[in-house]
Structures are given as structure tokens and as C-alpha cells.
Amino acid sequence: MGLRVFDTMTRTLRDFESLEPGQVRMYVCGPTVYNYFHIGNLRPFLFFDVVRRYLEYIGYDVLYVQNITDVDDKIINRANEAGTTAAEVAEAYTRAFFTDLDAMGVRRATVHPRATAHIPQMIELIEKLVSGGHAYVQDGDVYYRVRSFPSYGKLSHQSLDELAAGARVAVDERKADPLDFALWKKAKPGEPSWPSPWGPGRPGWHIECSAMSMNYLGPTLDIHAGGSDLVFPHHENEIAQSEAATGHMFARYWMHVAYVNIEGTKMSKSLGNIITVRELRRLHEPAVLRHFLLSSHYRTPLNYSGEALAASTRAVGRLRGTYQRLARIASEPGHSASPAAAVSEMIESARGRFVSAMDDDFNTANAIAVLFELAREANAAADTGISPAEASLLLHAFDELGSVLGFYTSAPSQSSTSNVDGIIRILTDIRQKARQNRDFATADRIREELQKLGIILEDTPEGTRWRVEDRFEDGGSGPA
RNA sequence: GGCGACAUAGCCAAGUGGCAAGGCAGGGGUCUGCAAAACCCCGAUCCCCGGUUCGAAUCCGGGUGUCGCCUCCA
């Protein structure tokens, strides 16, 4: 069948075909580093990490570029409030961005270009637009002339007249048309600035992405993506700039991820309901957040709620339980009998269904369902008894498919090296003696007291095992 | 006003014409000293009203409701 991708431009599911066979050039709009990013930002970052992993899984070499916008009004404002420089604000939150993404298991892009390191490329692009009649200079500012680009609006499916009619933006008399947008902003006193043919200033937001994406990936990208709110005006403007400058199609596929709502409403600073990833990491482990964010299709809105995260916590616990069970069996000394055909078929079938799901516009919800189905089959097989070789085969299947979704990449281990394990061992040995003497009161007391500490004991034919309880802590009213 | 999305079991969520995936919660079993884990079984008039069709959650028309974009925003 092959991979099919929903393209915002055509609003259809299209067969995916890259410009260069075997290679995908992908650009995803990155953060403006003026604050910690939140769960709504995380969704596209995480999703396109999975897109990248899947493209690699099916054999593509992926060139993945994600920008860092490190010069911007919001950064400047933030610096002024904090009494520091824009560069320092940007530096601090860039570091935080990577710290949080790394913690989430989101792999770094091939390149993370910073806007301030690509000013010459932006100036060059703006000059090209000015000389081509697509931009005009107005007292140190440079604006893009939207009326000069006949197909303006093709991504968001709006005509210029429709946009003009709905515009709620105050008219700026320096612009020839209200919809024209700034390519270069003249520096105000105290603002960071760079020299340019039009005087000192800084780049507009939209031009950054055009300049950096084309700098690393050439005039035509395979995939250009971001959150759904970037469709207009950001991506629309990027198309206008890029295509007017190069005469080439800018991106072959446009992908946009829907919003994350919180308790039914959009996150906004005025409502104070923003949940940063920094905060979230304290409440939930990465696998749980990944499960939650990937459990619905990327083009449908997702609602963050305590209940949903609790469900994800338990769901992940189930997958992990199966994984650890298989790992235990696989590590048993056992003979090296060749695995039964039934197990191979089980895995082959799961792999096929997994690929079908992902090929269908990255249907991660279905892909996850395949993992659960395989887990149930694997558990059922383990109940009747499987060989270490079979367990090992299943384990590899979970590794293989799980790694596409980024699961199992940082499965917390029961650190058998710490003394905690030793201490619990002592208690379970005592408890075991009590059970043998049919002193169940003592045995149950030990189990109950440990449970209060979040340690679950499980008696099995092979002895007592312990694990840390999957604790869910409700985020309550949000960040502290 | 323009453009668009969504409405499926108590909750979350797949499913674009042919007996309604998966997860969480719940009920009943198997196993267990009792639990836990695991496995098996149980659960849906697919928002409403029309229409097309042998057949519709799925297509068409009309409602109702929720949400998003059109301004910085993932």
C-alpha cells in the first residue's frame, strides 16, 4: 500500500513520494525561546519525532530541520521585564527546550538552526524579494506585498478579499495593504539589531523559517509542518516569500497537528491554564505522556485531563508489565530450541498491522492498539508457557515497534543495584517464612505496609516479585 | 461575516458502505491461603431528522451542540 499523508494544501490524503528517492527533507517549526514550552507545543514536537522515526523505519534517510527562533518581540519583552538581555533569555530557554525534549525522549533534529545565526541568509532573501517587486521599503522597515503573489491564500484556502474582510487587525498606515507583513523590522532604541541595506534592524518571524529551511534543505522541502495555528498566517507567508523568491514549489506536503485543550478549553495565559512540560515531567514519566499524546490521531483535538493521564499511566504499566515478564523469561537459562511458528506468525501479523496503521497518515492510535493486542497474545502464550527463545523474539518485536513510537526507550528499571532491592528482599524473605508457617496475618501486614509506601508485592509460582506502584498524581490546579 | 474541525460505551479513542479496534473504569469467571499480575467472558438504538443504497457510524441534505483559525500563538 505505502505511506499516505494528509496534505493541508490539497486537503486530501496523498500517496507519499519524496523528491529524492530514499531521502526525506522535513522542516518543523520550532519554538520561540521566551519561556518553557507547554504540552500544546509538545504535541507537534513529539508527533514529528514519531514521523521521523517511522520514515526511518521504512527505510528513508531523513534530513530533519527544526529552527530555534531566538530573536522576537516576546523575547525582548521578557528580557525587559527581567532586566536582562534578549540573548540571555534566548540562551536560557533554548537550553531548557533541549533539556525537556531530551527528557521526553524526543530525538534531536539533524540541524537546529538559530535565527540569529542566519541573518545574512535572511537579508539575501529579502533583497531578492525587494528587487523582484514583491517587497517594499518603508522608512527602515521592509514589507512583503501580498498582492504581488497571485496565489496568496492557497494553503489556508482564503482569498485576499475574504481575509481583508475578516481582518480585525488595526490598520497600519505604513503598509500598502493591511495584510502585508514585515520582512525586516527597523530597530527601536535598545533592541537587538543587525546591520542591513535598510539600516539596523531584525528579521520578521516568517522570513526566518523560509531562509533557514531553504538554506539547509534547498528550495523544495518534502514535508513542512507545525501546529495547526501556523497555517495562517505563518505558513501562508512562508509560501509567498519562498515561492516568489525562487519560483519553485516550496513544500510538497504540509502537515498540521491539532490543538491540545485543557479540561475542554484552549490553553491561554489569561486563563492561567498553561501546563509546561517542565511541570509535567514532575508528574508523569515520559512514556505516559507519549502514550497520552499519541493515543489519538494527530489531526483531532486532544483534551488534557487528570483522568486521561491516569488511564495512560495504567495503560503504560500494562505494556511494561508484559515487557518485563518477557524479559524475565528470555533471560532464563533454557535450551535454545527454535521458536514455534505460532510466535513468529504472531509477530509478523502485528508488524503488518502496525505498518498499515502508520502508513495510514500516521495513525498512532491504531499502532498503539496493535501493541496492546500483541501484549495480550504474548501474555496468553506466556501463561501456557513459552521458551526463552520465543520470549526473546517477542521482546525484540516490542523493541522494534515500540521504538518507532519512542516507547521502551527509557523504561525505568528496578534498580537492583540500590539497597532498596536488598531491603525489600529481606522483608519478602521474612514474609515468605510467615506464609510457609501459614501466618498470613504477618504476611499480609508486610504486604500492606509496603503498599502504603508504593511498593506492590506479587506472589508468583517462581517467588515473590516487587514493583513500584504506577502512581498517578493529579496535577490539581496546574503548575505550582 | 469568511474558512475549517469535531460529536462513537461511564471515561479516552480507532473506524469513510458489508456482523462497531484498542486502553481505562465496572461486572462475572480461571489461577491464588488471600491479594496482585495474567488470561477468558460480559457491555454501544455510533447527537437528531430526512434521503441515497440490498446494506450507512461511514455517502448526501437539513438541524442541534462543542471547538479552532481569520491578530502573537504549537
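Bear in mind that the values here come from a model prediction, so they are computed numbers and not experimental data. So that the names make sense, note that chain A is the first sequence line, chain B the second, and so on, each numbered from 1.
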Which whole number of Å gives the distance between the [atom1] atom of [N] and that of [M]?
N: B:rG4; M: B:rU8; atom1: P; answer: 23 Å
N: B:rC19; M: B:rA74; atom1: P; answer: 43 Å
N: B:rC70; M: B:rG61; atom1: P; answer: 27 Å
N: B:rG22; M: B:rC42; atom1: P; answer: 12 Å
N: B:rC49; M: B:rA21; atom1: C1'; answer: 30 Å
N: B:rG51; M: B:rC41; atom1: C1'; answer: 40 Å
N: B:rA44; M: B:rC12; atom1: C1'; answer: 15 Å
N: B:rC72; M: B:rC59; atom1: P; answer: 35 Å

Applying a 4.0 Å non-hydrogen cut-off, can you work out what [X] is touching in the nucleic acid: base, sugar-phosphate, or nothing?
X: A:R431; answer: base
X: A:V260; answer: base
X: A:E373; answer: sugar-phosphate
X: A:F232; answer: sugar-phosphate
X: A:R435; answer: base
X: A:I368; answer: nothing
X: A:R376; answer: sugar-phosphate
X: A:G321; answer: nothing
X: A:L457; answer: base
X: A:A308; answer: nothing
X: A:H297; answer: sugar-phosphate

Can you tell me the distance, in whole Å, between the [atom1] atom of [X] and the [atom2] atom of [N]?
X: A:K185; N: B:rC72; atom1: NZ; atom2: P; value: 9 Å
X: A:Q158; N: B:rC69; atom1: CD; atom2: C1'; value: 8 Å
X: A:Y298; N: B:rC6; atom1: OH; atom2: P; value: 12 Å
X: A:L294; N: B:rC12; atom1: CG; atom2: P; value: 19 Å
X: A:I446; N: B:rA36; atom1: CD1; atom2: P; value: 19 Å
X: A:F6; N: B:rA5; atom1: CZ; atom2: C1'; value: 10 Å
X: A:N363; N: B:rG22; atom1: CG; atom2: C1'; value: 11 Å
X: A:I456; N: B:rA36; atom1: CD1; atom2: P; value: 10 Å

Hey, does the side-chain of A:R43 have a donor or acceptor N/O within less than 3.5 Å of a partner on the base of B:rA74?
-> no
Does a distance-only test, which skips hydrogens and angles, find a donor-acceptor pair under 3.5 Å between the side chain of A:D459 and the base of B:rC34?
-> yes
Taking for each residue the nucleotide of RNA chain B with the nearest heavy atom, is it A:A375 or A:V370 whose nucleotide lies nearer the 5' end?
-> A:V370
By nearest nucleotide on RNA chain B, pick out whichever of A:S312 and A:N261 is the more 5' one.
-> A:S312
Aro-ring/base stack A:F440-B:rG33, d under 5.5 Å, angle under 30° = yes
Nucleotide nearest [X] (side chain, heavy atoms from C-beta), chosen from [options]:
X: A:D383; options: B:rG33, B:rC24, B:rA38; answer: B:rA38
X: A:E458; options: B:rA36, B:rA14, B:rG23; answer: B:rA36
X: A:D444; options: B:rG33, B:rU71, B:rC39; answer: B:rG33
X: A:T32; options: B:rA74, B:rA21, B:rG33; answer: B:rA74
X: A:A443; options: B:rG33, B:rC24, B:rA74; answer: B:rG33
X: A:N41; options: B:rA25, B:rC69, B:rA74; answer: B:rA74
X: A:R314; options: B:rA25, B:rA14, B:rC69; answer: B:rA25
X: A:R11; options: B:rG22, B:rC3, B:rC69; answer: B:rC3
X: A:P233; options: B:rC72, B:rA74, B:rC11; answer: B:rC72

Short side-chain N/O contact from [X] to OP1 or OP2 of [N], under 4.0 Å:
X: A:T300; N: B:rA14; answer: yes
X: A:N379; N: B:rA38; answer: no
X: A:R438; N: B:rC34; answer: no
X: A:R318; N: B:rA37; answer: no

Mate of [N] where both pairing distances stay under 3.5 Å, Watson-Crick or G-U:
N: B:rA57; answer: none
N: B:rA21; answer: none
N: B:rA38; answer: B:rU30
N: B:rA7; answer: B:rU64

Take A:H157 and A:F232 through the test side chain to side chain contact (heavy atoms under 4.5 Å, CB included) and record every step on the way to the result.
-> CA-CA 10 Å; A:H157 301 274; A:F232 189 90; over 6 Å; no
If you draw the axis of the six-membered ring of A:F6, does the NZ or CZ of A:R299 fall within 45° of it and under 6.0 Å from the ring centre?
-> yes
Think A:R14 forms a cation-pi with A:Y253, using NZ or CZ under 6.0 Å from the six-ring centre and within 45 degrees of its axis?
-> yes
Are A:R435 and A:D459 ion-paired here, with the side-chain N under 4.0 Å from a carboxylate O?
-> yes
Electrostatic pair A:R78:A:D73 at N-O distance under 4.0 angstrom | no
Keeping the roles fixed (side chain from A:R447, backbone from A:E458), state whether a donor-acceptor pair exists under 3.5 Å.
-> no
Are [X] and [Y] an aromatic pair by the rule of ring centers under 6.0 Å?
X: A:H206; Y: A:H235; value: no
X: A:F97; Y: A:F37; value: yes
X: A:F292; Y: A:H284; value: no

Report yes if the side chains of A:V50 and A:R290 come closer than 4.5 Å at any heavy-atom pair, otherwise no.
-> yes
